[in-house]
Amino acid sequence: MKYFVIAGEASGDLHASNLLGALKQQDANAQFMGLGGDLMAGQGCQLVQHYRDMAYMGFVDVILHLRTILGIMSKAKEALQSFKPDVVILVDYPSFNLQLAKYVKKNMPGTTVFYYIAPKVWAWKSWRVKSIRKYVDRVFSILPFEVEWFGKRGCEVSYVGNPCVDAVEAREHKGESLEDFAARTKVPTDKPILALLPGSRKSELSGNLPDMLKAASAYPQFHTVIAGAPSMPSEQYDQYTKGYDCSVVYGETYQLLQQANVAVVTSGTATLETALMRVPQVVVYQIGGGKIVYWILRKIIRVKNVSLVNLIANRDVVTELLGYFFNAESLKNELNKIIAPAKGREKMLEEYADLANLLGTEPVSQRAAREMVERLNQKKENK
């Protein structure tokens, strides 16, 4: 069968690549085309567009790059018509993906649309569920509470587990020593590591990294190491790291976390990955506009917490510093609570163990791929 897969950022590329690997095991004749990154390409996916040209976030960012985005959309539609896939698999990235889902259903009615890693419409922009119900044949949920939420709103949904579990378990260099990690990355070994995960978008770097670095500089007993996004040129980091004693390691986030003693993480998938790697963390996210914008967003966002760790656990496991609450001083205050020998460190690690038990260990990509192929085969038989 032919699979057209769309992932618009680094984490989506990772999880989509694992899914493609599992689909190849379930379907020996699988052919892949889509929008994504190097990891998807490594699984044999013919890339129509790399996600590095798609990582725009926020209203202003999107408007400024609207011509580029529309060009990529047009390119994707042409590729869909040429490839004629049996199924389109959407991976998060809702603004773009839901538009393509609508196009597929209106212009390619025989093509199945699956959503793997659904947008967080239960948190905000809940109106998008109407498009999901209308244009998506089935949601493959990665969060336990989503099944009831989507089901109540008329969507077909299956819970397949969380792909972060698979990705963390299958990471390269699992269990390597700090010395081996340092030999590959040139990171010093004379101090424990404080890891900074500022995100994979330019806007996230500019909003989060300056205060991250300022706070980290208050802990000379650690060496600060930044997780560099593979798609981001070094110049993007150089403008912020000048004057700081730190390192940037590209494409080695799991390997960095494996060696880290503590971390500061931009809200997103990485918060859950950090928890699964058992690294105490503070979650941050800078929002421009000060208090007014923050309180407006808090009225829009329909959940108390935003980090996946707290959402899945349904309680406060990690501290979230969002909007104007996030600055260098507030970050230092929270880091002090989880740097050994602080009591908050052990408590967080205990909470992480409970979270891992809740998510389980069954291979998620295999489970999702098996159900996808079974449903596609059943559809063919019923024709």
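These numbers were taken from a predicted model, which means no experiment stands behind them. Numbering of residues begins at 1 and proceeds along the displayed sequence.
Between Tyr115 and Phe140, the distance separating the two ring centers is not shorter than 6.0 angstrom. Ring centroids of Tyr159 and Phe145 are separated by 6.0 Å or more, keeping the two rings apart.
Using a 30° and 60° split on the angle between ring planes, Phe96 and Tyr93 fall in the tilted class, from 30° to 60°. Using cut-offs of 30° and 60° on the angle between ring planes, the pair Phe32 and Tyr3 is tilted.
A salt bridge does not link Lys347 with Glu350: none of the charged nitrogens is closer than 4.0 Å to a carboxylate oxygen. Taking a cutoff of 4.0 Å between a charged side-chain nitrogen and a carboxylate oxygen, Lys120 and Glu146 do not qualify as a salt bridge.
Looking only at side-chain heavy atoms (C-beta outward), Met372 and Arg138 stay at 4.5 Å or farther from each other. Between Leu90 and Tyr135 the shortest side-chain heavy-atom distance does not fall below 4.5 Å. Two residues are said to be in side-chain contact when any heavy atoms from C-beta on lie closer than 4.5 Å; Ile132 and Leu98 meet this criterion. At least one side-chain heavy atom of Leu272 sits less than 4.5 Å from a side-chain heavy atom of Leu359. The shortest distance between side-chain heavy atoms of Ile338 and Val282 falls below 4.5 Å. Put simply, the side chain of Tyr254 reaches to within 4.5 Å of the side chain of Val168, judged on heavy atoms. Between Tyr285 and Phe325, every side-chain heavy-atom pair lies at or beyond the 4.5 Å cut-off.
At distances below 3.5 Å, not a single donor-acceptor pair connects side-chain atoms of Tyr51 with backbone N or O atoms of Asp13. Using a distance-only test at 3.5 Å, with no hydrogens or angles considered, a donor-acceptor pair links the side chain of Glu320 to the main chain of Ser307.
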Check the pair Thr111, Phe4 against side-chain contact (heavy atoms from CB on, under 4.5 Å), reporting the backbone distance first and the verdict last.
CA-CA 10 Å; Thr111 303; Phe4 196 97; over 6 Å; no
Walk me through whether Gln259 and Val279 qualify under side-chain contact (heavy atoms from CB on, under 4.5 Å).
CA-CA 9 Å; Gln259 305 302 334; Val279 183; over 6 Å; no
Quick one, Asp354 with Arg315, criterion salt bridge (charged side-chain N to carboxylate O under 4.0 Å, His left out). Give me CA distance, side-chain angles, the key distance, then yes/no.
CA-CA 12 Å; Asp354 293 340; Arg315 60 181 182 273; 3.7 Å; yes
side-chain contact (heavy atoms from CB on, under 4.5 Å) between Leu23 and Val373, intermediate numbers included:
CA-CA 8 Å; Leu23 285 169; Val373 172; 3.8 Å; yes
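Here the closest heavy-atom approach between residue Thr271 and residue Leu308 is recorded as OG1-N, 3.6 Å. Across all non-hydrogen atoms, the minimal contact from Arg278 to Ala353 is NH2-CA, 4.2 Å.
Using modelled atom types, one finds a donor on one side chain and an acceptor on the other under 3.5 Å when comparing Gln366 with Gln25. In the model, Tyr219 has a side-chain atom that pairs as donor or acceptor with a side-chain atom of Asn336 under 3.5 Å.
Within the model, atoms CG of Leu20 and CE of Met40 stand 5.5 Å from one another, a figure rounded to the nearest 0.5 Å. Summarising the geometry, atom CG belonging to Leu19 is positioned 13.5 Å from atom CZ belonging to Arg367; distances are rounded to the nearest 0.5 Å. Taking CZ from Arg171 and CD from Gln258, the interatomic distance works out to 4.5 Å, rounded to the nearest 0.5 Å.
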